[in-house]
Amino acid sequence: MALAAKGTLRAFAADTRASARVAAAPLRSAPTRVVSASRASTVECKAVAQLASTKKDIWNKSYYPTSADTANSTKRWYIIDAEGQTLGRLACLAATYIRGKHLPTYSPSMDMGAFVVVINADKVQVSGNKFNDKVYFNQRETGRPGSHRLEKFKDLQARLPERILERAVKGMLPKGAIGRNIRLHLKVYKGTAHTHEAQQPTDITSEIAIKPSASAGAKLFAELKAKHASA
C-alpha cells in the first residue's frame, strides 16, 4: 500500500512539472511577411491607373446617377393643356414627369425628372360635386387660432387658378429636400401664353387619358408573357 501510494505521488508530481514547463514555454507564431512601402505604393498606383483607364467604378457595377444626370441644363421640358382635364389625373401625370418615374434611370434619392408647363389652368375640371363642396384650408402668417381662411374650389379658381394645380402636384411629391426643390419645376399659367417657347416643350396631354392597362409597360409585359408561354 505504501509503495503504491508513493508511485502515484511520483506520477502526479511528474505530470505537474510537465504542465508547468508547457505553460512557461513561449508561444511560437508563424513568421509574418513584411511588404515594403514601395511595393504597396506600386500596387496602389496600378489600381488607380486601371480605374482611370476604364473611366468607371470597377467596384460598383450597378448604375447610380451623377450630378451631370441631374443638372437642370440637361432636363427635358413638357407641356400639358389643362382645358377640360380632370384635376387629379392631370396632377398625377405632372408629378410623375417632375419626379422622373417615367425614366428607366429613375433613382429615388436623385432628381431625375423634368420641367412641366401647364396652360389653361383656369379651365381644369373636377369630378362629382367638388366644384361646390371642395374646400381649401389657408393658414395665414400669424399662426394664431382662428387666423385661417376656408376657400371653396370655385372661389379659388376664380381668384387664383394656378394655386389649385400647384397644391395638387405638391401633395404628390416627396415631403423633403428633394420635394421642396423639384416642386419649382412646375410652371402653371392661367391662359395659353407662357414664357418657355425657347425650351420647345413636348406636348404630353394625350397621356392623361391612357389607362394603365393600355400603357407601354403593360404592352411590353404582355409580349414577354406571350413569348414565355410559347417557348
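- Of all heavy-atom pairs between Asp111 and Ile98, the closest is OD1-O, 4.2 Å.
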### Message
I'd like to know whether Glu162 forms a side chain to side chain contact (heavy atoms under 4.5 Å, CB included) with Val118, so could you lay out the CA-CA distance, the side-chain angles of the two residues, the decisive distance to 0.1 Å, and finally the verdict.
### Response
CA-CA 9 Å; Glu162 297 88 349; Val118 181; over 6 Å; no

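- Under a cut-off of 6.0 angstrom, the local environment of CD in Glu197 is crowded, with over 12 non-hydrogen atoms contributed by other residues, nucleotides or ligands.
- Pro65 is linked by a side-chain contact (heavy atoms from CB on, under 4.5 Å) to Tyr63, Asp69, Ser107, Met110, Met112, counting only residues two or more places apart in sequence or in another chain.
- In this structure, Tyr97 and His185 have side chains that are not in contact, with every pair of non-hydrogen atoms separated by 4.5 Å or more.
- Both Tyr189 and Phe115 are assigned to one and the same hydrophobic cluster, defined by single-linkage of ILVMFWY side chains at heavy-atom distances under 4.5 Å.
- A donor-acceptor contact closer than 3.5 angstrom is absent between the side chains of Glu207 and Tyr78.
- The structure places CZ of Arg149 at 14.0 Å from OH of Tyr136, a figure rounded to the nearest 0.5 Å.
- In plain terms, the two heavy atoms of Ile178 and Arg99 that are nearest each other are CG2-NH1, 4.1 Å.
- Not a single donor-acceptor pair under 3.5 Å links the side chain of Lys123 to the backbone N or O of Ile119.
- The minimum heavy-atom distance between Ile80 and Thr205, with the atom names listed, is CA-OG1, 3.5 Å.
- Nearest heavy atom pair, residue Ala68 against residue Thr74, reads O-OG1, 3.6 Å.
- With values rounded to the nearest 0.5 angstrom, Leu173 atom CG is found 11.0 Å from Asn181 atom CG.
- Between Ala168 and Ala91, the shortest heavy-atom distance links the atoms CB-CB, 3.8 Å.
- Contact between Asp122 and Pro161 at its shortest, heavy atoms only, is CA-CB, 3.6 Å.
- Arg163 is listed as a side-chain neighbour of Arg167, based on a closest heavy-atom distance under 4.5 Å.
- Ile210 and Leu87 fall into different hydrophobic clusters, where Ile, Leu, Val, Met, Phe, Trp and Tyr side chains are chained together by heavy-atom contacts under 4.5 Å.
- Separating the CD1 atom in Ile208 from the CD atom in Gln85 is a distance of 4.0 Å, to the nearest 0.5 Å.
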#### Entry: Residue pair Gln157, Val124: steps toward the side chain to side chain contact (heavy atoms under 4.5 Å, CB included) verdict
CA-CA 9 Å; Gln157 189 177 33; Val124 71; 3.9 Å; yes

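- Heavy-atom contacts from other residues, nucleotides or ligands closer than 6.0 Å to CZ of Arg76 number 12 or fewer.
- Both Ile182 and Val188 are part of a single hydrophobic cluster, where members link through side-chain heavy atoms under 4.5 Å apart.
- In this structure, Asp133 CG and Lys152 NZ are separated by 6.5 Å, a value rounded to the nearest 0.5 Å.
- Taking a 4.5 Å side-chain heavy-atom cut-off between Ile, Leu, Val, Met, Phe, Trp and Tyr, the cluster of Leu150 extends to Val135, Phe137.
- Linking Ile, Leu, Val, Met, Phe, Trp and Tyr residues whenever their side-chain heavy atoms come within less than 4.5 Å leaves Leu165 and Met172 in two separate clusters.
- The distance from atom CD of Glu151 to atom CG of Leu156, rounded to the nearest 0.5 Å, is 4.5 Å.
- At least one side-chain heavy atom of Ser109 sits less than 4.5 Å from a side-chain heavy atom of Tyr64.
- Criterion: ILVMFWY side-chain heavy atoms under 4.5 Å apart, direct or through other members. Under it, Val116 and Leu103 are not part of a common hydrophobic cluster.
- Within the 4.5 Å cutoff, no side-chain heavy atoms of Lys187 are placed close to those of His194.
- The side-chain heavy atoms of His196 and Trp77, taken from C-beta on, include a pair separated by under 4.5 Å.
- With Lys75 contributing its side chain and Gly113 its backbone, the two residues share a donor-acceptor pair below 3.5 Å.
- Distance CZ/Phe131 to CD/Gln125: 10.0 Å, rounded to 0.5 Å.
- Within the structure, ring-ring contact (aromatic ring centres under 6.0 Å, His included) pairs that include any residue of residues 156-183 do not occur (at least two apart or interchain).
- Sparse packing is recorded around NZ of Lys225, with 12 or fewer heavy atoms of other residues, nucleotides or ligands lying under 6.0 Å away.
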### Task
Using the side chain to side chain contact (heavy atoms under 4.5 Å, CB included) rule, take Asn132 and Lys154 through it: C-alpha gap first, then chi angles, then the decisive distance, then the call.
CA-CA 6 Å; Asn132 298 318; Lys154 59 180 180 181; 3.7 Å; yes

